[in-house]
Chemist: 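Take a look at the following structure, please.
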Amino acid sequence: MYHIFFTADENYIKFTSVLMTSIVKNATKAYEKKPFCFHILSDFISDVTRKKLEILQKTLSEIYPCEILIHIQDNAKFDKFPSSGAAQNNKLSYYRLKMLSCLDDNVKTCLYLDSDMLVLEDLRELFALDLKDNIAAVVGDMGSKRAKIKFMEGSEKKTFYFDENYFNAGLLLINVKEYQKAQIEERCEELASKCFYIKGADQDLLNACIESKKRLKLDFAWNFFINAYAYAITKDDKLGYLNYTKEEFKHSFESPKILHLCFKPWKFLRSFNDSKGRNVNDLWWEEAAFTPAFSAELLELKRHIKDHLLYAGLGSLLYRYTKNFNVLKIVHLIKHQDEDLKIAQNAQNFNDKDFALFLLLGEMVLHARAKKKGVFSVFLKALKCISSYEKYARR
């Protein structure tokens, strides 16, 4: 069987169902026709949702053989893991560290995928890879590589700095034997218990515990972050960001295999356009409309989505105020929400090029509101984003 893991709470199952549907529908090439075994790691799944998953399994199996298994995790197992950064609301992101305990001893390879993904190609291509003695096959992360974690070693404070090889844990193709041999789960838990500063939760732990020389680097196409459609800084442009050449990025840009929908379609009806000029979130909604058992619930949710308009509207104002060095206006934008409805309404007719940049900037405004960030932090980040976009955007 092809074993594929997801983490999802009750609310996220419907989104994971779209991902499972996209996996099955794209299993069309001449690989060995072993069944997919979808594993869902969760803290709770209701009887109603379990019934829907049974219907999903039955319907998808008519296209390609598959089964869906549910593994309820005890949060007490994760008491040693920090509740900060990506794990500040719950411990769900750490669940993937326990996934090998759900497998039989004879399983050689398994795959983990984040739920906010959409598969466009046959995933069995990954399972056909020879991992040799590598612990995992991974894709380089898109962001800055200045991240770090801080931990205690006895009475001494230590800092671990990540480098250009930092990977995104949204896709992990695991060599089970080598993963267990290197005691990655145990080492992650030990490091977690010592951490007093960590932002990337399990992703940071995995990057710290899996040596660079024990990773197989995959094409960016296998974990293509959709904000890269706005702009991407490759290693030919500047070191410390996306660790792929311009040519490697161009190939992935034109032919992505898995989209990582970091601007989630259930919050954003519109996000970024791909190389063919298509709004990529539309691609997800096209799959959602035909996802067995969950389509009606998803399409009802779609009717009420407006977040993308507020993000773009706020972003357009932040763009204008930043270009004019109008810090007082930025202060007002962060501290006052009384005009948000009007701002969102004004964003409905933005063109595609502007919309992409405005989304990125609008996220900064809303993050500043939620985290009570200062105006100069927002201003400087906006300046950097605008400058990078104007320099590196793929027109």
Side-chain angles (χ1 to χ4, degrees), residues 3-9 37 39-43 69-114 131-139 141 147-163 165-218:
H3 292 272
I4 303 175
F5 284 83
F6 318 99
T7 57
D9 61 14
C37 185
H39 301 263
I40 300 175
L41 304 172
S42 186
D43 54 354
L69 300 179
I70 297 167
H71 308 279
I72 300 299
Q73 302 297 299
D74 181 0
N75 268 327
K77 293 180 182 178
F78 303 91
D79 285 344
K80 294 182 180 179
F81 292 85
S83 298
S84 60
Q88 61 183 336
N89 296 321
N90 58 56
K91 299 291 182 73
L92 206 68
S93 63
Y94 292 120
Y95 286 6
R96 77 189 84 181
L97 297 175
K98 301 287 187 181
M99 60 187 176
L100 266 58
S101 64
C102 304
L103 296 173
D104 293 336
D105 292 340
N106 62 344
V107 176
K108 296 180 179 180
T109 310
C110 67
L111 178 67
Y112 171 84
L113 295 176
D114 274 353
L131 293 177
K132 298 184 172 62
D133 63 346
N134 289 298
I135 293 172
V138 295
V139 175
D141 194 61
K148 59 183 178 288
I149 56 175
K150 298 179 181 180
F151 59 97
M152 298 298 299
E153 196 71 78
S155 59
E156 185 181 354
K157 291 182 179 180
K158 291 195 172 183
T159 302
F160 183 95
Y161 292 95
F162 298 111
D163 60 19
N165 297 304
Y166 188 85
F167 62 84
N168 180 270
L171 180 146
L172 296 166
L173 182 66
I174 299 293
N175 183 338
V176 174
K177 178 183 176 182
E178 294 298 324
Y179 191 95
Q180 292 173 329
K181 180 180 174 183
Q183 297 183 304
I184 299 301
E185 179 184 326
E186 294 82 359
R187 287 167 59 197
C188 284
E189 184 167 355
E190 181 183 2
L191 179 58
S193 68
K194 299 176 180 178
C195 281
F196 62 89
Y197 175 88
I198 182 169
K199 284 192 172 182
D202 60 300
Q203 180 168 289
D204 281 356
L205 296 173
L206 287 164
N207 271 276
C209 294
I210 300 176
E211 295 178 88
S212 297
K213 65 182 181 181
K214 299 290 282 183
R215 307 170 190 170
L216 176 64
K217 184 182 176 184
L218 299 172

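For this chain, numbers begin at 1 and follow the sequence in order.
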Chemist: Can you tell me if Arg215 uses its side chain to pair, donor with acceptor, with the backbone of Val138 under 3.5 Å?
Modeler: no
Chemist: I need the Ile72 CD1 to Ile40 CD1 distance, nearest 0.5 Å.
Modeler: 9.0 Å
Chemist: Decide yes or no on side-chain contact (heavy atoms from CB on, under 4.5 Å) for Tyr197 and Lys148, but give the supporting numbers first.
Modeler: CA-CA 8 Å; Tyr197 175 88; Lys148 59 183 178 288; 4.2 Å; yes
Chemist: Could you report the tightest heavy-atom contact between Cys102 and Phe5, atom names first, then the distance?
Modeler: CB-CE2, 3.9 Å
Chemist: Please verify the inter-ring angle class for His71 with His39; under 30° counts as parallel, over 60° as perpendicular, anything in between as tilted.
Modeler: parallel
Chemist: If every non-hydrogen atom of Ile184 is compared with every non-hydrogen atom of Cys209, which pair is closest and at what distance?
Modeler: CD1-O, 3.5 Å
Chemist: I'd like to check Lys214 versus Asp133 (side-chain heavy atoms, cut-off strictly below 4.5 Å). Are they in contact?
Modeler: yes
Chemist: What are the two closest heavy atoms between Tyr166 and Asn207, and how far apart are they?
Modeler: CA-OD1, 3.2 Å
Chemist: Begin with the C-alpha distance, continue with both residues' side-chain angles, and end with the deciding distance and a verdict on side-chain contact (heavy atoms from CB on, under 4.5 Å) for Thr7 and Lys91.
Modeler: CA-CA 10 Å; Thr7 57; Lys91 299 291 182 73; over 6 Å; no
Chemist: Calculate, to the nearest 0.5 Å, the distance between atoms CG and CD1 belonging to Leu205 and Ile210 respectively.
Modeler: 10.5 Å
Chemist: Is there a side-chain contact between Lys150 and Lys158, using heavy atoms and a 4.5 Å cut-off?
Modeler: no
Chemist: Rounded at 0.5 Å granularity, tell me how far OG1 in Thr109 sits from CD in Glu178.
Modeler: 11.0 Å
Chemist: Using only atom types and a distance under 3.5 Å, with no angle test, would you say the side chain of Asn175 pairs donor to acceptor with the backbone of Asn134?
Modeler: yes
Chemist: Any donor and acceptor pair, going by atom type alone, linking the side chain of Lys108 with main-chain N or O of Val176 inside 3.5 Å?
Modeler: no
Chemist: For Asp202 and Tyr94, work out which heavy atoms get closest and say how close.
Modeler: N-CE2, 3.5 Å
Chemist: CD1 of Ile174 to CE of Met99: how many Å apart, nearest 0.5 Å?
Modeler: 4.5 Å
Chemist: Find the distance between NE2 (His3) and SG (Cys110) and round it off to the nearest 0.5 Å.
Modeler: 8.5 Å
Chemist: Does a salt bridge link Arg96 with Asp114, judged by any charged N lying under 4.0 Å from a carboxylate O?
Modeler: yes
Chemist: What pairs with Lys77 under salt bridge (charged side-chain N to carboxylate O under 4.0 Å, His left out), at least two apart in sequence or on another chain?
Modeler: none
Chemist: With a cut-off of 6.0 Å (strictly less than), are more than 12 heavy atoms of other residues, nucleotides or ligands near CG of Asn106?
Modeler: yes
Chemist: Let me see the working for Leu206 and Leu97 under side-chain contact (heavy atoms from CB on, under 4.5 Å), right down to the final yes or no.
Modeler: CA-CA 9 Å; Leu206 287 164; Leu97 297 175; 3.7 Å; yes
Chemist: Between Asn168 and Gln203, do the side chains contain an N or O donor and an N or O acceptor separated by less than 3.5 Å?
Modeler: yes
Chemist: For a quick test of reading the model, state the closest non-hydrogen atom pair linking Leu92 to Ser42 and the distance between them.
Modeler: CD1-CA, 4.4 Å
Chemist: Where is the tightest heavy-atom contact between Ile198 and Asp204, given as atom of each residue plus distance?
Modeler: CG1-OD2, 3.6 Å
Chemist: How long is the span from the CG atom in Asn165 to the CG atom in Asp141, to the nearest 0.5 Å?
Modeler: 12.0 Å
Chemist: side-chain contact (heavy atoms from CB on, under 4.5 Å) for Phe78 and Lys98? Distances and angles first, verdict last.
Modeler: CA-CA 10 Å; Phe78 303 91; Lys98 301 287 187 181; 3.5 Å; yes
Chemist: Among residues at least two apart in sequence or on other chains, which ones pass ring pair (Phe, Tyr, Trp, His ring centres under 6.0 Å) with Tyr112?
Modeler: none
